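Step one of this worksheet: look at the structure below.
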Amino acid sequence: MATKEDNLKAIISHAKEYGFVFQSSEIYDGLSAVYDYGQMGAELKKNIKEYWWKAMVNMHENIVGIDSAIFMHPTTWKASGHVDAFSDPLIDNKDSKKRYRADVLIEEHIEKIRLKIEKDVAKGIKRFGDDFDEEQFKATNPNVLRNQTKIDDINARFKAAMDDDNLTGIKILIKDLEIACPVSGSKNWTDVKQFNLMFSTEIGAVADSANTIYLRPETAQGIFVNYLNVQKSGRMKIPFGIAQIGKAFRNEIVARQFIFRMREFEQMEMQFFVRPGEEMKWYEYWKEARLKWHLSLGISKENYRFHDHVKLAHYANAATDIEFNFPMGFKELEGIHSRTDFDLKQHEKFSGKKLQYFDPEINESYVPFVVETSVGLDRTFLAILSAAFTEEKLDNDTSRIVLKLPIFLAPVKVAIMPLTRKDGLPEKARDVLDLLKFDYNCQYDEKDSPGKRYRRQDAIGTPYCVMIDHQTLEDNTVTIRDRDTMEQERVVITKIEAILKNKLDIREVLS
Ligand code: GAP
């Protein structure tokens with residue numbers, strides 16, 4: 001049976017083979033946690049961005065989109081708290097000289113214990129079949145209970161140490177758990193230190209600290225500092241939202257799991273500005289709206305869950321993650337945060353400029369509260385790719401790999417194929433291509449047998465293949481093959497556009 005790790009490996013290798021994702025600078029052995037999107041990946045990514053923008057900006061009268069710069073005045077990051085507090089606890093192994101996130105070492109240790117519980121459960125299922133009661137087993141089996149107590153104890157100590165910023169406590173926990181370095185096998189650890197995740201560089205020619213600027217670690221601050229510009233120039237009335245899609249940079253210590261955790265990635269964020277006191281209503285609204293957006297991608301509901309934050313960041317009065325069942329398990333896909341008026345008040349304080357909004361309905365000025373939705377574009381890409389990746393057994397004892405992508409996200413919408421490379425079929429096929437290429441991303445493919453060409457298109461998720469054959473020359477009909485059913489229908493050329501238009505209509509999906 002294929003494990004989750006095997007699945008991830010298969011997806012990574014498929015992504016490389018078909019031009020979705022490449023390791024950055026691969027010819028120099030790659031750059032850790034940095035990836036490039038290839039010819040198919042760039043199309044898929046662009047389509048995801050457009051779909052998000054349509055749902056968040058175009059479908060809402062009171063949300064507009066901006067595109068702010070990556071570089072911002074350094075005081076922005078002082079005000080937001082990132083200079084002082086945007087850090088992870090790190091620890092080095094003195095023998096291997098490898099650096100780890102202390103919290104991740106502990107979480108991985110917990111995961112190992114959790115897997116022991118899963119193993120015991122699997123044994124129970126095997127032994128008792130349909131009569132197996134998992135809940136009762138977990139509540140009574142001595143092995144499971146012992147392991148669950150271990151997990152609870154570690155979690156309690158870990159949480160207490162993190163809450164108190166007690167780095168010594170975290171090191172003691174690592175020692176007590178006898179966690180060894182996966183590379184050297186030794187338990188010879190340094191003290192735990194906080195490590196700021198922001199990348200810095202210098203602006204201009206002089207390299208002194210006054211000129212230090214940062215690559216933004218989130219796109220949100222570009223929205224906060226522009227909120228009055230947008231409100232005034234767009235005559236926006238509260239409640240209103242500002243959205244943006246853009247790159248963010250974090251010097252992640254643990255860089256693994258493909259495009260899940262990258263050092264350079266993209267966020268799709270929206271800050272919703274509301275009247276103070278109304279933030280919880282909007283927080284609940286956006287929680288639901290964002291889950292609905294994910295479900296509109298056609299991935300089944302069981303793959304998503306909310307994970308409410310117990311310990312809130314200093315700026316938040318409510319926060320939740322939408323987690324997705326990635327090939328490596330449930331992990332954060334999107335964050336929804338009620339950020340209070342913290343950021344705007346901080347920017348008022350540090351800039352000395354008033355950032356108040358005059359609310360004509362209640363005749364009052366105030367600093368708005370903000371509810372934020374923040375989803376990683378690359379994580380959305382990985383979620384969609386992994387849900388679409390299907391290995392299918394076919395009737396004739398063969399199999400195919402097909403990407404069952406939502407049609408509106410597929411990189412290539414239609415492949416145009418002449419049956420043979422002679423008898424005027426390529427010319428006729430190019431006429432069909434000319435007809436469609438203005439509206440749809442098409443691929444012309446005349447190499448290899450039709451079967452091989454269909455497999456190639458299945459592998460990149462092309463929903464329709466149009467085959468031009470000898471009958472086409474006689475009556476202007478073609479066959480159009482459906483990716484998922486593999487069924488072919490003969491239609492007149494002039495009908496192809498109407499079929500595609502109908503299938504690509506996202507009205508129903510988005511309403
Ligand atoms: N403005 C709020 C904010 O940045 P976050 O939870 O730190 O919140 C939001 O990030 C989203 O950005 C995450 O849910 C995730 O999808 C994505 N993200 C964060 N760090 C990432 C990384 N290193 N690589 C890829 N995506 C990342």
Side-chain angles (χ1 to χ4, degrees), residues 21 24 31-37 45 48-49 52 68 70 72 76-77 79-82 85-88 101 103-104 195-199 214-225 227 241-272 283 286-287 290-291 293-294 304-309 311-316 318-326 328 330-340 342-344 346 370-386:
V21 183
S24 160
L31 183 63
S32 165
V34 186
Y35 290 89
D36 297 335
Y37 287 85
K45 204 172 163 198
I48 298 171
K49 283 195 229 187
W52 182 87
S68 72
I70 286 170
M72 298 183 72
T76 309
W77 306 110
S80 67
H82 283 82
F86 193 57
S87 47
D88 281 337
R101 256 176 73 173
D103 54 331
V104 171
F195 174 78
N196 195 291
L197 298 182
M198 282 198 295
F199 284 102
Y214 300 97
L215 296 184
R216 66 180 176 199
E218 62 170 6
T219 57
Q221 297 303 325
I223 291 178
F224 286 127
V225 300
Y227 118 88
I242 306 177
Q244 93 164 313
I245 300 176
K247 289 256 174 164
F249 304 82
R250 295 182 189 178
N251 197 1
E252 300 283 359
I253 305 163
V254 176
R256 276 184 289 119
Q257 297 171 330
F258 193 38
I259 54 173
F260 179 81
R261 195 176 301 287
M262 299 156 87
R263 294 197 165 114
E264 174 180 344
F265 57 98
E266 271 186 86
Q267 290 184 316
M268 305 190 284
E269 295 201 300
M270 193 275 300
Q271 320 298 129
F272 202 66
Y283 171 70
W286 282 111
K287 260 178 87 167
R290 290 303 304 149
L291 181 62
W293 183 85
H294 288 287
Y304 297 91
R305 70 182 185 197
F306 283 114
H307 171 77
D308 293 334
H309 293 203
K311 184 180 181 295
L312 294 169
H314 54 285
Y315 54 75
T320 195
D321 294 335
I322 296 179
E323 292 188 337
F324 181 76
N325 192 8
F326 286 100
M328 50 293 177
F330 271 98
K331 291 199 179 286
E332 177 185 344
L333 170 63
E334 168 153 9
I336 296 152
H337 313 121
S338 172
R339 284 180 84 133
T340 67
F342 174 83
D343 299 86
L344 292 180
Q346 284 292 98
V370 172
V371 175
E372 155 184 88
T373 73
S374 174
V375 61
L377 174 55
D378 312 270
R379 286 189 191 177
T380 309
F381 184 108
L382 181 59
I384 290 169
L385 187 67
S386 52

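As the structure is a computational prediction, the values presented were derived from the model and not from experiment. As the structure lists them, so they are numbered: ligands from 1, and atoms in each ligand from 1. Residues take their numbers from the sequence shown, with the count starting at 1.
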Do the numbers put [X] on top of the ring of [Y], so that NZ or CZ is under 6.0 Å from the six-membered ring centre and no more than 45° off the axis?
X	Y	answer
R290	W293	yes
R305	F330	yes
R263	F199	no
K287	F306	yes

Polar contact flag for E218 and ligand 1 (N/O pairs, less than 3.5 Å):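 By distance alone, the answer is yes.
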
[X] heavy atoms, cut-off 4.0 Å: which ligand 1 atoms fall inside?
X	value
G335	14 (O)
E269	1 (N), 2 (C), 3 (C), 4 (O)
E334	14 (O)

Give the residue and atom name of whichever protein heavy atom lies nearest to [atom], and the separation in Å to one decimal.
atom	result
atom 15 (C) of ligand 1	R379 NH1, 3.5 Å
atom 17 (C) of ligand 1	G376 CA, 3.7 Å
atom 10 (O) of ligand 1	Q267 NE2, 3.4 Å
atom 18 (N) of ligand 1	F265 CE1, 3.5 Å
atom 5 (P) of ligand 1	R250 NH2, 3.9 Å
atom 9 (C) of ligand 1	S374 OG, 3.0 Å
atom 24 (N) of ligand 1	M262 N, 2.9 Å

Taking ring pair (Phe, Tyr, Trp, His ring centres under 6.0 Å) as the criterion, tell me which of F381, F260, F258 meets it with F326.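 Answer to the ring pair (Phe, Tyr, Trp, His ring centres under 6.0 Å) test with F326 among F381, F260, F258: F260.
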
Under a 4.0 Å N-O cut-off, is there an ion pair linking K49 with E266?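 Counted as a salt bridge, because a side-chain N and a carboxylate O are separated by less than 4.0 Å.
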
Salt bridge or not for E269 and K247, using N-O below 4.0 Å?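 K247 and E269: not salt-bridged.
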
Option with minimal heavy-atom separation from atom 13 (C) of ligand 1, where the choices are E372, H337, R339, E332: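 Residue with the shortest heavy-atom distance to the ligand atom: E332.
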
Nearest option to atom 25 (C) of ligand 1, as decided by whichever heavy atom of F224, Y35, F260, F86 sits closest: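 Residue with the shortest heavy-atom distance to the ligand atom: F260.
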
Structural part of L333 in contact with ligand 1, heavy atom criterion under 4.0 angstrom: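 Just the backbone.
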
Taking non-hydrogen atoms only, is E252 closer than 4.0 angstrom to ligand 1 via side chain, backbone, both or neither?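 The answer is the side chain of E252.
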
Using side-chain heavy atoms (C-beta onward) and a distance below 4.5 Å, is Y214 in contact with T76?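 No; the side chains remain at least 4.5 Å from each other.
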
Measuring from atom CG of D88 to atom CD1 of I253, what distance do you get when rounded to the nearest 0.5 angstrom?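 D88 CG to I253 CD1: 4.5 Å, rounded to 0.5 Å.
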
For residues W286 and I336, report the shortest heavy-atom separation together with the two atoms involved.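 Smallest heavy-atom distance, with atoms named: O-CD1, 4.1 Å.
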
